[in-house]
Amino acid sequence: MARITLRQLLDHAAERGYGVPAFNINNMEQGLAIMEAAASCDAPVIIQASRGARSYANDIMLAKMIDALEEMHPQIPLCLHLDHGNEEATCATAIRYGFTSVMMDGSLKADAKTAADYDYNVDITRRVVEMAHWVGVSVEGELGVLGSLEHGGGEQEDGHGVEGKISHDQLLTDPDQAVDFVRATKVDALAIAMGTSHGAYKFTRKPDGEILAMRVVEEIHTRLPNTHLVMHGSSSVPQALQDVFNQFGGEMPQTWGVPVEEIVRGIKHGVRKVNIDTDCRLAMAAAFRKVATQSKSEFDPRKFLKPAMDALRELCRDRFEQFGTAGNAARIKVVALPEMARRYRAGALDPQIGKMTQAA
Ligand code: G3H
Ligand code: 13P
Ligand code: ZN
């Protein structure tokens, strides 16, 4: 069994200079495809579940499914992470169901729609860190609000994220504030805002530095070289997938995501976790459309799901290879939660003081 914490995995990634994609799941087919991709190239894995996924699949089902995936692939370190926790209770219940990492997204209030102020964010994130570290679980925090630098709008198209227009200042994480935030909260990883947003409609043109501010990543990494940075909204929305989707009856207006080469640039500057959901959805939905269009009499769900899993497996494997995750699973000796908890108590895992090494 190889359930790993986010902290241990990202410490390893930092030592060896790679990034780890964090793929969202909601169902068995996604879990199978992601794990098969990881096993095929020896990559450690972050599987994350949102609140929406937890209510769609049910916590019990998700927990048992992850147990099964782990049993099927015991050689693959698997981090189970809560995506965008909105309050303490959401994080606490995730831990109860076997999550080894939680995100406390205090950039938004508990309604996940209203931008929160800095003090609220520090306070709630610090409380979740205290609770999680007692049991060795890692915590990701977020500073800055995800949204578009093109039009200053939030990201309601996916049904979550901040509502209405927000200021340029809020859309770009302030590097000085990031230093203060990490010191005050002791988060294990920090999600930052630099122009990415969730969903398919991130940019109306191929992004340049004006609308995808990778310089912010570099500035924060210079000030916080030991802190693991997280890029949300990092689907690339590949043209090839948009084309298949539209060729078979889909209606997705032309759009641009985060180019893989920009993510690779981020990985050179401290980005260790890269959140990808939309690409996985698009890969599967394009495959569904293709089967539905080409085989009009087909009604066996497996005939739809198998090509969708193939497309997802291919996408995941590509990201493992591009981010340098491939080949690292066998190099990691997983540290159990009680030992992680002991290290936190001993002060050995403070992001400002130093990083755990595999030998520690
Ligand atoms: O945070 C965004 C992820 O894409 C999860 O989306 O809330 O629809 O499951 P969801
Ligand atoms: P995408 O919508 O770009 O895939 O982002 C997913 C994400 O950030 C989940 O937290
Ligand atoms: Zn996100």
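As the structure is a computational prediction, the values presented were derived from the model and not from experiment. Counting starts at 1 for both ligands and their atoms, following the listed order.
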Next item on the list: Taking the side chain as every heavy atom from C-beta outward, state whether Q48 and F23 have any pair of such atoms under 4.5 Å apart.
Entry: no
Next item on the list: Return the set of residues passing side-chain hydrogen bond (donor to acceptor under 3.5 Å, both in side chains) with S138 (not counting sequence neighbours), or none when no residue passes.
Entry: none
Notebook entry, point to check: Among the heavy atoms of K202, does any lie under 4.0 Å from an atom of ligand 2?
Noted result: yes
Notebook entry, point to check: Under 4.0 Å between a Lys/Arg side-chain N and an Asp/Glu carboxylate O for D279 and R319?
Noted result: yes
Notebook entry, point to check: Is any N or O atom of N24, backbone or side chain, closer than 3.5 Å to an N or O atom of ligand 1?
Noted result: no
Next item on the list: Less than 2.8 Å from the Zn ion (ligand 3) is the window; count the protein N, O or S atoms in it.
Entry: 3
Check: So, do L172 and L149 sit near enough that their side-chain heavy atoms are less than 4.5 Å apart?
Finding: yes
Notebook entry, point to check: Side chain or backbone of I276 under 4.0 Å from ligand 2, or both, or neither, by non-hydrogen atoms?
Noted result: backbone
Notebook entry, point to check: Could R313 and D318 be called an ion pair, given the rule that one side-chain N must be under 4.0 Å from one carboxylate O?
Noted result: no
Notebook entry, point to check: With a cut-off of under 6.0 Å to the ring centre and 45° to the axis, is R54 in cation-pi contact with F99?
Noted result: yes
Check: When you look for heavy atoms under 4.0 Å from ligand 2, do you find them on the side chain of N24, its backbone, both, or neither?
Finding: side chain
Margin query: Among R281, H84, R51, R54, which one puts a heavy atom closest to atom 6 (O) of ligand 1?
Written below: R281
Next item on the list: Check whether any N or O atom of N275, backbone or side chain, sits under 3.5 Å from an N or O atom of ligand 2, and answer yes or no.
Entry: yes
Next item on the list: With heavy atoms of D277 as the reference, note each atom of ligand 1 found under 4.0 Å away.
Entry: 3 (C), 4 (O), 5 (C), 6 (O)
Checklist line | Where ligand 1 meets D83 - atom numbers and elements under 4.0 angstrom, heavy-atom basis | finding: 1 (O), 2 (C), 3 (C)
Check: Under 6.0 Å between the ring centres of H228 and H221?
Finding: no
Note to self: Looking at D300, is its backbone amide N or carbonyl O close enough to the side chain of E298 to form a donor-acceptor pair, meaning the two atoms are under 3.5 Å apart?
What the structure shows: yes
Next item on the list: Decide if atom CZ of R205 counts as having more than 12 heavy atoms of other residues, nucleotides or ligands within a radius under 6.0 Å.
Entry: yes
Check: Out of G233, S234, S236, whose heavy atom is nearest to atom 8 (O) of ligand 2?
Finding: G233
